[in-house]
Amino acid sequence: MEEEEEEEEEEEEKEVARGSRDDTSPQEPFYLLRNMTSKSHWKLLALALVLVVVMVWYSISREDRYIEFFYFPVSEKKEPCFQGEAERQASKIFGNHSREQPIFLQLKDYFWVKTPSAYELPFGTKGSEDLLLRVLAITSYSIPESIQSLECRRCVVVGNGHRLKNSSLGGVINKYDVVIRLNNAPVAGYEGDVGSKTTIRLFYPESAHFDPKIENNPDTLLVLVAFKAMDFHWIETILSDKKRVRKGFWKQPPLIWDVNPKQIRILNPFFMEIAADKLLSLPIQQPRKIKQKPTTGLLAITLALHLCDLVHIAGFGYPDAYNKKQTIHYYEQITLKSMAGSGHNVSQEAVAIKRMLEMGAVKNLTYF
Ligand SMILES: CC(=O)N[C@H]1[C@H]([C@H](O)[C@H](O)CO)O[C@](OP(=O)(O)OC[C@H]2O[C@@H](n3ccc(N)nc3=O)[C@H](O)[C@@H]2O)(C(=O)O)C[C@@H]1O
Ligand SMILES: CC(=O)N[C@@H]1[C@@H](O)[C@H](O[C@@H]2O[C@H](CO)[C@H](O)[C@H](O)[C@H]2O)[C@@H](CO)O[C@H]1O
């Protein structure tokens, strides 16, 4: 009898090993246990666990983002702001008269009284007046009431630098009255590090985000920095729905751009001129081949020193020239190599920014 039982057991074990029998049968707890402890089931269990953890983490992080996107917390303890402070600092760098310049170009200066400009784009408007006239007729130049009415304007210029990655500065950035962003720098998906408020965005056709509605607020001012006459032509064709021209750009700009003309402003090229001259000591009248110019970030700091009372910066600073692998942006993997031939001297700019930090004209939220 015992022998028979042993034989049966042996036979059962062989069947399980061959896989010819359902060993998970509830009537046979021994096989069930063996099966549970088998490698493949542990793997499945671990996978399910990882899946649950990822799902929980994702839903929490989505919720954070949601709150951050719609809730601009009002600061309880705002940095003290002194009216006219940035102006005082700016006059030390740029001279006394730069405050008299309008921030945005106005139709009246090109219509009844043509203001002759000494320089061509990007430092002046010489030779582009007719195109500009058409653009100014369909755009606006006013500074919004929400900025105009502030007693003291606290501004932050957000550079596109990698130093913003994992900075958790989003909440801090959102608290400024005016948040200035540059080019196609994204906000969606990066709210925790860069915030979600955009008061002003500087751009040129090649740097315009293809979907401006995703990366801006409905009332964001989209400020065109013109480098060449074609840039005026591009904005005119977009806003008046005229035939687009594809040639003449170093990178294909959007052909359809869903924006309200009331949001568009044209930056006064005077700010490009003084950034080049006073911050970088660049020659303003350059031979055709040499096209040195300030970066859009340095231009934005120059603009902020004229528009605001307090200027803070974040996300500025490039890697050292020998650091060939370091990515430069907080949102994409590209290196300094991508900037070769773009007409910028980033080490010279770093000296200019350090000077402004040292004299207290601007403060930095990230390291420099
Ligand atoms: C290939 C190329 O021409 N790249 C230029 C890009 C490019 O055109 C746009 O990103 C659109 O694609 O634009 C520039 O600059 P970019 O758009 O990269 O960055 C905006 C501004 O942030 C500051 N910055 C950026 C990265 C970094 N590591 N440190 C920084 O301080 C700079 O002040 C910079 O101006 C530009 O317009 O200035 C300058 C870059 O040279
Ligand atoms: C003549 C011409 O179109 N030159 C282009 C530069 O303007 C352009 O630089 C880019 O020009 C922009 C203006 O259009 C901004 O100044 C930007 O910071 C700068 O990097 C480079 C980009 O790699 O390509 C050349 O062919």
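Along the sequence shown, the residues carry numbers beginning at 1. For ligands, and for the atoms within them, numbers begin at 1 and follow the listed sequence.
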Measuring from [atom], which candidate in [options] has the nearest non-hydrogen atom?
atom                    : options                        : value
atom 6 (C) of ligand 2  : Lys228, Lys293, Lys291         : Lys293
atom 3 (O) of ligand 1  : Trp250, Phe227, Phe203         : Trp250
atom 15 (O) of ligand 1 : Thr296, Val225, Asn183, Asn160 : Asn183

* Under 4.0 Å from any heavy atom of Ser342, which atoms of ligand 2 are there? ->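 This gives 9 (O), 19 (C), 20 (O) as the contact atoms.
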Atom indices of ligand 1, in the order listed, that fall short of 4.0 Å to a heavy atom of [X]:
X      : result
Ser338 : 1 (C)
Tyr204 : 6 (C), 7 (C), 8 (O), 9 (C), 13 (O), 14 (C), 36 (C), 37 (O)
Ser207 : 11 (C)
His329 : 16 (P), 18 (O)
Leu182 : 20 (C), 21 (C), 22 (O)
Asn184 : 10 (O), 11 (C), 12 (O)
Phe316 : 30 (C), 31 (O), 33 (O)
Gly297 : 21 (C), 33 (O), 34 (C), 35 (O)

* Cation-pi check, Lys293 to Phe227: give yes when NZ or CZ is under 6.0 Å from the six-membered ring centre and within 45° of the ring axis, no otherwise. => yes
* Asked: Taking Glu215 for the side chain and Val187 for the main chain, is one N or O donor matched with an acceptor at less than 3.5 Å?
  ->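 Answer holds: yes.
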* Asked: atom 13 (O) of ligand 1: protein heavy atom closer than 4.0 Å?
  ->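 Answer yes: something from the protein, a heavy atom, is under 4.0 Å.
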* Note the single closest protein heavy atom to atom 14 (O) of ligand 2, along with its residue, its atom name and the distance in Å. =>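 I find the closest protein heavy atom is Trp250 NE1, 2.8 Å.
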* **Protein heavy-atom partner closest to atom 25 (C) of ligand 1 - residue, atom, separation in Å** =>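 Result for atom 25 (C) of ligand 1: Tyr318 OH, 3.4 Å.
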* Asked: How about His306 and Phe94: are their ring centroids closer than 6.0 Å?
  -> yes
